[in-house]
Amino acid sequence: MARRPRISREQLVDEAVLLVDEFGPDGLSLATLAARLDVKPPSLYNHVDGLDGVRYALALRALEELVERFHRAAVGRAGRDALEAIAWGYRDFARDHPGLFALTQRSFEGRDEALAALGRDAVEVVTAVLHGYGLDGDDALHATRVLRSALTGFVALEQNGGFGLPLALDETFERLIALLDRGLQNLD
């Protein structure tokens, strides 16, 4: 009788990322994940606390990657250049990981400290960019919500085939960034 391979938590999460990106957060199941890893479903419990544990690990991975992309994008940049870099980083993350991106759309503040801390890290990168526009405190947080809303709306429409006109989406996205930049420059 052949022994099934042993898996690590990292392998489990890596495979779960592939599944959630392919089928969305609601398409994830322990049975499918176990089959893809060639293990029996109870073996997954050595690494996670059921499906909720897998979703938690995915949310951590999603926010960790998003924060890393924001940091890489914003380093050494200011103003429009920084805004454009984090906007493209956000869009590229959503394109690369549509399932993980969906998991970043919730607020984890007050629910789980590790997830909340990662969420705050993402907001801190954005507010640092907004500081270059002279925005601080609540003004920067309101502007962060505006940016997130605009970028998430664009990404959601793009992912769901909501842009039907024969225009280049990259050009439309650049125009969105330009509008956001002008708006941020004119806030008093």
Side-chain angles (χ1 to χ4, degrees), residues 1-77 82 85-129 141 144-145 147-149 151-161:
M1 177 174 195
R3 288 190 62 175
R4 294 193 181 274
R6 295 190 71 101
I7 61 166
S8 68
R9 180 180 171 87
E10 186 171 348
Q11 288 171 309
L12 183 151
V13 175
D14 289 346
E15 193 61 42
V17 167
L18 296 174
L19 276 171
V20 79
D21 283 343
E22 185 176 347
F23 299 110
D26 295 331
L28 179 66
S29 74
L30 290 179
T32 304
L33 181 57
R36 297 261 297 248
L37 290 165
D38 194 29
V39 298
K40 294 194 182 291
S43 297
L44 301 177
Y45 287 87
N46 292 324
H47 307 285
V48 292
D49 187 21
L51 192 55
D52 285 341
V54 175
R55 288 188 178 121
Y56 176 78
L58 286 170
L60 280 174
R61 173 75 63 88
L63 288 171
E64 287 167 351
E65 184 166 338
L66 187 59
V67 167
E68 181 181 323
R69 285 182 187 226
F70 278 179
H71 279 289
R72 271 194 324 250
V75 164
R77 293 184 167 95
I86 63 167
W88 277 98
Y90 193 72
R91 185 177 177 209
D92 288 343
F93 174 71
R95 286 173 156 177
D96 295 343
H97 295 292
L100 283 185
F101 177 75
L103 294 172
T104 67
Q105 298 311 301
R106 297 184 182 136
S107 170
F108 296 101
E109 201 61 41
R111 295 186 195 164
D112 177 86
E113 185 49 38
L115 290 170
L118 285 166
R120 287 190 300 272
D121 288 348
V123 169
E124 285 175 13
V125 175
V126 175
T127 57
V129 168
L141 293 176
T144 298
R145 285 180 172 173
L147 289 174
R148 182 179 184 200
S149 298
L151 297 173
T152 301
F154 186 95
V155 166
L157 286 166
E158 182 177 30
Q159 286 181 338
N160 294 309

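Counting begins at 1 with the first residue of the sequence. Since this is a predicted model, take the numbers as computed values, not measurements.
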For Phe101, which residues count as a ring-ring contact (aromatic ring centres under 6.0 Å, His included) partner, sequence neighbours excluded? Tyr90
Would you check if the side chain of His71 reaches a backbone N or O of Ala122 as a donor-acceptor pair within less than 3.5 Å? no
Looking at Arg148, is its backbone amide N or carbonyl O close enough to the side chain of Thr152 to form a donor-acceptor pair, meaning the two atoms are under 3.5 Å apart? yes
Rounded distance [0.5 Å steps], CG in Leu118 versus CG in Asp112: 9.0 Å
Using the test side chain to side chain contact (heavy atoms under 4.5 Å, CB included), find all partners of Arg95 that sit at least two apart in sequence or belong to another chain. Trp88, Arg91, Asp92, Glu158, Asp170
Can you confirm whether Glu15 sits close enough to Gln11 that some side-chain heavy atom of one is under 4.5 Å from a side-chain heavy atom of the other? no
Taking only residues two or more places apart in sequence or in another chain, which ones pass salt bridge (charged side-chain N to carboxylate O under 4.0 Å, His left out) with Asp14? Arg61
Check whether any side-chain heavy atom of Ile7 lies under 4.5 Å from a side-chain heavy atom of Leu44, and answer yes or no. yes
I want to check something: taking the side chain as every heavy atom from C-beta on, are Leu60 and Val13 in contact at a cut-off of under 4.5 Å? no
Beyond-backbone contact of Val126 with Phe70, side-chain heavy atoms, under 4.5 angstrom: yes
For Arg9, what residues pass the salt bridge (charged side-chain N to carboxylate O under 4.0 Å, His left out) criterion, not counting sequence neighbours? none
All salt bridge (charged side-chain N to carboxylate O under 4.0 Å, His left out) counterparts of Arg145, not counting sequence neighbours: none
To check you understand the geometry: which heavy-atom pair defines the closest contact between Ala16 and Val54, and what is its length? CB-CG1, 3.8 Å
Can you name the nearest heavy-atom pair linking Ala62 to Thr104, along with the distance? CB-CG2, 3.7 Å
Leu58 pairs by side chain to side chain contact (heavy atoms under 4.5 Å, CB included) with which of Asp21, Leu19, Leu100, Val48? Leu100
So how far is it from Arg120 CZ to Leu115 CG, rounded to the nearest 0.5 Å? 10.5 Å
Only counting residues at least two apart or in another chain, list the ones meeting side chain to side chain contact (heavy atoms under 4.5 Å, CB included) with Leu157. Phe163
Quick one, Asp121 and Glu124 - any side-chain contact, counting heavy atoms below 4.5 Å? yes
Which residues share a side chain to side chain contact (heavy atoms under 4.5 Å, CB included) with Asp49, sequence neighbours left out: none
What heavy-atom pair brings Ala85 and Arg77 nearest, and what distance separates the two atoms? CB-CD, 3.6 Å
With Ala31, which residues qualify under side chain to side chain contact (heavy atoms under 4.5 Å, CB included), at least two apart? Ser29
From CA spacing to verdict: side-chain contact (heavy atoms from CB on, under 4.5 Å), Tyr45, Leu30: CA-CA 10 Å; Tyr45 287 87; Leu30 290 179; 3.4 Å; yes
Who pairs with Asp96 by salt bridge (charged side-chain N to carboxylate O under 4.0 Å, His left out), at least two apart in sequence or on another chain? Arg69
Tell me, yes or no, whether the heavy-atom count around Glu10 atom CD, taken from other residues, nucleotides or ligands under 6.0 Å, exceeds 12. no
Heavy-atom closest pair, residues Ile86 and Ala74: CG2-CB, 4.1 Å
Do you know which two heavy atoms are closest between Gln159 and Ala94, and how far apart they sit? NE2-O, 3.1 Å
Of the non-hydrogen atoms in Tyr56 and Ala114, which two are nearest, and what is the gap between them? OH-CB, 3.6 Å
